[in-house]
Amino acid sequence: MKKKILFLVIGCIFTVAALAVIQGYFIYNTYQLKAKEANLAINQELLKIETTGKLDTINKAWMRKTKKFLIDYEQGLVSKKDYEQLIAITADSLSLVMDKFIQQKGFFDEYDVSYINYVTEVTLSKPGMGTIDTLFTGKLKLFGNNTYNTPETQASQSRWNESTHDEECNPDPNATNFEVVTKRYYSISNWEKQVFIKMSGLLVFSVLLLTFVVLLFYFSIKNLITQKKIAEIKTDFINNITHEFQTPLAALDIAVTTLKKKEDELTAEQFNNSLAIIDRQNKRIQKLFGEVKEASLVSSDINTANAKHLGCEVINEITDDFAMLHPGISIRCKDDGATLHIDRFHLATILTNLLDNSVKYGATEVIVNLSNNKNATMVTVQDNGIGIPAAEQKAVFEKFYRVQKGNIHSTKGLGLGLYYVKQVIDAYKGNIWVEGAEGHGATFKFTIPK
Ligand code: ADP
């Protein structure tokens, strides 16, 4: 059974992991798709910008200056370096115009897009001679801003070819031609965020679905383990009760066989012994039945109406009665003047059960302590027996729970005593718990409200 549960747990973990991977894969694909969609939408908007007359107007401004510069350059009036300066001066004002235009038209909606136009190459050539000079190569900003400093993607490229001389009015076969290559880039600072926002519904749904599956597995396995535990407890209980009844029934059998002897064969001693055995075993069987009957009671069945304030002297009466039956054990009660608000019969039931256990589980000395707490009175029953492993200290109050599980009958019991004690204490709205380490005695503590 343990193996089966282990396989089930491994199977569930594997299924959840596989589901998570498949979901992750779908989410990743959707993310890629949405990212592509976003890029496509932005590219379309860029195309719109590039086909508006506004861009022509802006372009004309730097083109005019470039042409004039190249005429001056041809004449040796300016140097290559001056071109970069010239473009830098115009770039700022053109960028401003471009930014305003993009903002006014609201091209990119929810995306934070930067649009930048660069001059990447300016070359001079003569007919029949090819390129004679390169004025500039690199990346010289014409206009636009990478406001968010994010990686740039190239959108488009154009080539502008012209001559330094006005060909229509004054055609010159030796005129110098020039070519300016410009490249437009864009960068988006928040596309991941926007894509995530668009996917948020899917993400939330996926997480919820996965959580639901995990919870479903968790509760199913938990339920299975509980069922298994109950089945084990039931088997243990049946084994225990069979064992518990075996001894008195065997003793009764012997006693009855003795009594069945013919009158002349039966001595007075044998008769008295047999009667004593029947009496003892009858009491034992009744006690066992009492335990089973008590365990069917729950706290709400227990009547607390006869509660009185009882002090250490009542505890001493109960422990003295107990000590008489167990001469080898020393029980001491200490108090600080505190009283316990409880029915005497219930107090006796609790203490007798706890003391019975102390003796049963190896104690030779028990100290009972009664003390005042803030809103309750606390009773401590501390013994020097075998103690209870920390991991089982909570479970010992469960019905049928025994630390010695399975078919081990080194100590007799049905696992009902502490359950009933807890029901009684619950009826008084008190608490019970156990402390101490295995091998170092057990300390049961319970509180009853004042
Ligand atoms: P049982 O009939 O088995 O004694 P109880 O409900 O009284 O049933 O106790 C539950 C289990 O708690 C016991 O089986 C025992 O293992 C453990 N236990 C209870 N009291 C003590 C104690 N004083 N010292 C050590 N173990 C104890």
Side-chain angles (χ1 to χ4, degrees), residues 229-230 232-248 283-299 302 315 318-319 322-323 325-326 328-333 346-369 379-427 430-446:
K229 228 164 108 184
I230 292 172
E232 275 173 7
I233 285 171
K234 272 188 185 159
T235 316
D236 276 0
F237 176 68
I238 291 166
N239 286 341
N240 287 334
I241 207 156
T242 314
H243 178 80
E244 290 290 293
F245 276 98
Q246 234 166 20
T247 324
K283 277 188 186 134
R284 194 159 163 202
I285 289 173
Q286 278 191 19
K287 191 175 169 246
L288 279 171
F289 268 121
E291 258 187 68
V292 178
K293 229 169 80 185
E294 274 174 351
S296 66
L297 293 177
V298 285
S299 57
I302 296 163
I315 293 183
I318 298 166
T319 54
F322 184 86
L325 295 170
H326 301 87
I329 183 142
S330 111
I331 309 169
R332 282 176 288 138
C333 178
H346 290 147
L347 180 61
T349 307
I350 296 169
L351 287 177
T352 314
N353 265 298
L354 294 179
L355 294 172
D356 248 342
N357 277 348
S358 292
V359 174
K360 218 157 67 174
Y361 300 106
T364 51
E365 197 181 320
V366 186
I367 302 166
V368 183
N369 194 36
V379 182
T380 309
V381 179
Q382 186 184 0
D383 69 36
N384 61 347
I386 59 170
I388 302 172
E392 315 221 31
Q393 289 181 352
K394 250 194 178 155
V396 290
F397 299 100
E398 286 170 19
K399 207 172 188 176
F400 303 129
Y401 195 92
R402 304 199 74 219
V403 177
Q404 298 80 1
K405 290 183 195 67
N407 221 356
I408 302 166
H409 298 295
S410 51
T411 50
K412 291 172 185 166
L414 300 175
L416 293 173
L418 288 181
Y419 169 77
Y420 183 59
V421 165
K422 185 169 164 32
Q423 296 310 306
V424 175
I425 291 167
D426 280 352
N431 277 317
I432 180 160
W433 66 99
V434 60
E435 293 172 2
E438 190 179 9
H440 292 93
T443 305
F444 282 87
K445 291 185 175 176
F446 66 90

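Note that ligands are numbered from 1 as they come in the structure, with each ligand's atoms numbered from 1 the same way. Keep in mind it's a predicted model, so treat the numbers as computed, not measured. Only this structure's heavy atoms are used, side chains among them; waters, hydrogens and symmetry mates stay out.
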Using atom types as modelled and distance alone, determine if a side-chain donor or acceptor of His440 lies under 3.5 Å from a backbone N or O of Gly436.
-> no
Measure from the ring center of Phe245 to the ring center of Phe289 and say whether it is less than 6.0 Å.
-> yes
For ligand 1, the residues whose heavy atoms come within less than 4.0 Å (ordered by chain, then number) | Asn357, Ser358, Lys360, Tyr361, Asp383, Ile386, Gly387, Ile388, Val396, Tyr401, Arg402, Val403, Gln404, Gly413, Leu414, Gly415, Leu416, Gly417, Leu418, Ala442, Phe444
Aromatic ring pairing Phe397/Phe444, orientation class (parallel under 30°, perpendicular over 60°, tilted between) | perpendicular
For Lys234, look at atom NZ and say whether over 12 heavy atoms of other residues, nucleotides or ligands are found less than 6.0 Å away.
-> no
Less than 4.5 Å apart, any side-chain heavy atom of Glu244 and any of Leu414?
-> yes
Any ion pair linking Lys422 and Asp426 (charged N to carboxylate O, less than 4.0 Å)?
-> yes
